[in-house]
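Worksheet: one structure, shown below.
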Amino acid sequence: MSCNQKRFLLSFLFAFPLIFSIPFVASQCNRNPVMFTFGDSNSDTGGLSAALGVEFGYPDGRAFFHQPTGRLCDGRLVLDFLCENVKTKYLTPYLDSLGPNFTNGANFAVIGSTTLPEYQPFSLSVQFLQFRRFRNRSLELNSKGFPNLVKEEDFKNALYMIDIGQSDLSSAFNSLSYDEVIQNIPSFISEISDAMWGIYRLGGRNFWVHNTGPLGCLPQKLGTRKTNASDFDEHGCIKPLNEGAKAFNSNLKDLCEQLRPQMKNSTIVYVDMYSIKYDLIANSASYGFKNPLMACCGYGGAPYNYDPNINCRDSGYNVCERGSKYISWDGIRYTEAANAIVASKILSTNYSTPPLHFNFFCNSP
């Protein structure tokens with residue numbers, strides 16, 4: 001047995017007591033819950049791994065799956081918890097060629113995806129084109145009698161989840177001034193609008209749109225960006241980056257408000273992920289976390305455990321023993337324990353506009 005395998009076996013002896021204390025009550029559905037997801041690593045359940053043949057190894061997956069799954073996380077993503085809530089299987093990546101099960105939808109999200117530039121793997125526009133092909137091919141095969149496929153009525157009743165923009169902002173802040181980033185935000189929002197209209201014209205009526213989280217609180221940004229004392233807020237996050245995220249979110253919320261009267265007979269739920277995640281960091285101790293701005297898996301130790309030259313999964317990385325006490329998994333993505341709390345906040349409806357329960361799409365007449 002290799003050292004990595006030994007560490008893998010030892011790692012899940014340190015279970016995550018925090019996540020098991022969160023009261024998840026499964027929602028009722030009166031029809032098969034079908035979901036389609038578009039986004040980046042916050043939602044990717046194995047898309048990049050399938051697309052590029054990349055095998056992510058230990059320590060990914062150690063908290064729940066006990067093996068890597070293509071998720072850049074130690075366990076489940078927010079999306080996985082939402083699937084559990086409506087008692088459906090975890091979504092299969094669209095590009096997964098071996099043993100796929102698309103009876104409950106498909107996941108088009110891919111690690112690192114952006115809204116722009118268009119038509120480059122795996123931008124939002126490409127994800128929409130993949131969905132269009134998936135839909136057309138499903139209906140064609142249905143007409144020929146193939147079983148276990150999403151049907152036309154399922155596409156109409158399905159939930160279309162969009163969680164993208166973090167990578168756009170992150171890349172923009174790497175090369176542009178604050179003012180230039182703000183000027184680019186409408187072009188990001190325009191791509192999201194185009195994708196939603198594309199889905200709507202194909203019959204989609206139920207949209208679930210996540211805004212982006214506090215970019216300036218990510219260990220990756222804190223550990224690499226040149227800053228001075230005035231750049232930080234009271235919780236140690238970089239203010240200009242968070243202000244950029246807020247500007248993006250304001251534009252995204254406006255888009256949802258504009259589209260509601262335009263997209264007849266549709267439902268568009270806007271979810272304030274920023275407030276959920278910032279609250280988790282600002283009040284980390286009350287949730288049982290320590291080191292809210294430090295990556296569990298990375299290199300360099302305190303304060304951020306992030307080194308751009310030695311990332312989590314690179315040779316020489318270190319990983320915390322009890323991931324439940326960390327919010328950040330690898331400096332960019334969250335731990336399963338943090339994702340569980342984020343999901344519970346989403347399910348509360350307190351951060352949703354309108355405040356609909358998550359199962360609205362599978363429990364309506």
Side-chain angles (χ1 to χ4, degrees), residues 39-43 78 112-117 124 162-193 209-259 269-284 287 289 291-295 303-304 306 308 327-334 338 341-342 345-346 350-353:
D40 52 28
S41 61
N42 290 316
S43 306
V78 169
S113 291
T114 56
T115 65
L116 289 173
L124 181 59
I162 298 174
D163 186 340
I164 199 165
Q166 178 176 309
S167 297
D168 289 280
L169 289 173
S170 180
S171 297
F173 272 112
N174 286 341
S175 58
L176 302 176
S177 68
Y178 176 83
D179 290 339
E180 289 171 329
V181 172
I182 300 303
Q183 290 170 10
N184 276 277
I185 287 175
S187 62
F188 304 153
I189 301 300
S190 178
E191 292 299 314
I192 296 174
S193 176
V209 183
H210 289 181
N211 72 14
T212 199
L215 185 66
C217 300
L218 297 180
Q220 178 207 41
K221 295 301 182 186
L222 291 162
T224 58
R225 191 171 176 85
K226 293 181 180 179
T227 55
N228 55 57
S230 64
D231 289 331
F232 296 95
D233 67 14
E234 65 271 30
H235 301 294
C237 301
I238 302 173
K239 289 189 290 186
L241 271 61
N242 280 355
E243 290 303 315
K246 289 179 183 177
F248 174 90
N249 293 340
S250 177
N251 279 253
L252 183 60
K253 186 175 184 180
D254 288 345
L255 172 67
C256 292
E257 291 175 354
Q258 292 165 13
L259 293 182
V269 179
Y270 170 86
V271 185
D272 188 4
M273 299 291 281
Y274 184 99
S275 293
I276 293 173
K277 291 182 175 181
Y278 192 77
D279 172 69
L280 191 59
I281 291 163
N283 299 293
S284 57
Y287 292 105
F289 292 104
N291 304 320
L293 303 179
M294 185 172 172
Y304 308 123
Y306 189 88
I327 293 172
S328 177
W329 171 238
D330 59 4
I332 302 173
R333 274 72 50 164
Y334 281 25
I341 294 175
V342 171
K345 297 281 188 178
I346 292 172
N350 294 330
Y351 298 86
S352 299
T353 306

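- Rounding to the nearest 0.5 Å places CG of Leu169 at 8.5 Å from CG of Leu241.
- Nearest heavy-atom pair across Ser113 and Gly39 is CB-O, 3.4 Å.
- Between Asp163 and Ser43, the shortest heavy-atom distance links the atoms CB-OG, 4.0 Å.
- Counting only distance, with no hydrogens or angles, the side chain of Asp168 and the backbone of Thr115 share a donor-acceptor pair below 3.5 Å.
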Applying side-chain contact (heavy atoms from CB on, under 4.5 Å), run through Ile332 and Gln166 and close with a yes or a no. CA-CA 10 Å; Ile332 302 173; Gln166 178 176 309; 3.6 Å; yes

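- Side-chain contact between Gln258 and Ser193: absent, with no pair of heavy atoms (C-beta onward) separated by less than 4.5 Å.
- Remark: Ile276 CD1 to Ile281 CD1 distance equals 12.5 Å, nearest 0.5 Å.
- Here the closest heavy-atom approach between residue Pro219 and residue Ala295 is recorded as CG-N, 3.8 Å.
- A salt bridge (charged side-chain N to carboxylate O under 4.0 Å, His left out) check over residues 234-253, counting only residues at least two apart or in different chains, returns the pairs Glu243-Lys246.
- His210 places a side-chain heavy atom less than 4.5 Å from the side chain of Ile346.
- When the side chain to side chain contact (heavy atoms under 4.5 Å, CB included) test is applied to Asn249, the partners found at least two apart in sequence or on another chain are Asn211, Thr212, Tyr270, Tyr274.
- Looking at residues two or more places apart in sequence or on another chain, you find a side chain to side chain contact (heavy atoms under 4.5 Å, CB included) between Asp279 and Asn283, Tyr287, Lys345.
- Between Leu215 and Ser170 the shortest side-chain heavy-atom distance falls below 4.5 Å.
- Between Ile182 and Gly244 the shortest heavy-atom distance is CD1-CA, 4.1 Å.
- Here the straight-line distance linking atom CG of Asp231 with atom CG of Asn242 works out to 11.5 Å at 0.5 Å rounding.
- Between the OH atom in Tyr334 and the CD1 atom in Ile327 there is a gap of 6.5 Å [rounded to 0.5 Å].
- Minimum interatomic distance between Gly213 and Lys277 (heavy atoms only, all atoms of both residues): CA-CD, 4.2 Å.
- Residue Asn350 holds its CG atom at 11.5 Å from OG of Ser275, rounded to the nearest 0.5 Å.
- With sequence neighbours excluded, the residues satisfying side chain to side chain contact (heavy atoms under 4.5 Å, CB included) with Pro308 are Thr224, Tyr306.
- Here the straight-line distance linking atom OG of Ser187 with atom CG of Asn251 works out to 10.0 Å at 0.5 Å rounding.
- Residues Asn42 and Met273 are not in side-chain contact: their nearest non-hydrogen atoms beyond the backbone lie 4.5 Å or more apart.
- For the side chain to side chain contact (heavy atoms under 4.5 Å, CB included) test, residues two or more places apart in sequence or in another chain that qualify with Ser177 are Asp179, Glu180.
- The cationic group of Lys221 does not satisfy the cation-pi geometry with Phe173, failing either the under 6.0 Å distance to the six-membered ring centre or the 45° limit from the ring axis.
- Residue pairs satisfying the disulfide bond (SG atoms under 2.5 Å apart) criterion with at least one member in residues 216-249, sequence neighbours excluded, are listed as follows: Cys217-Cys237.
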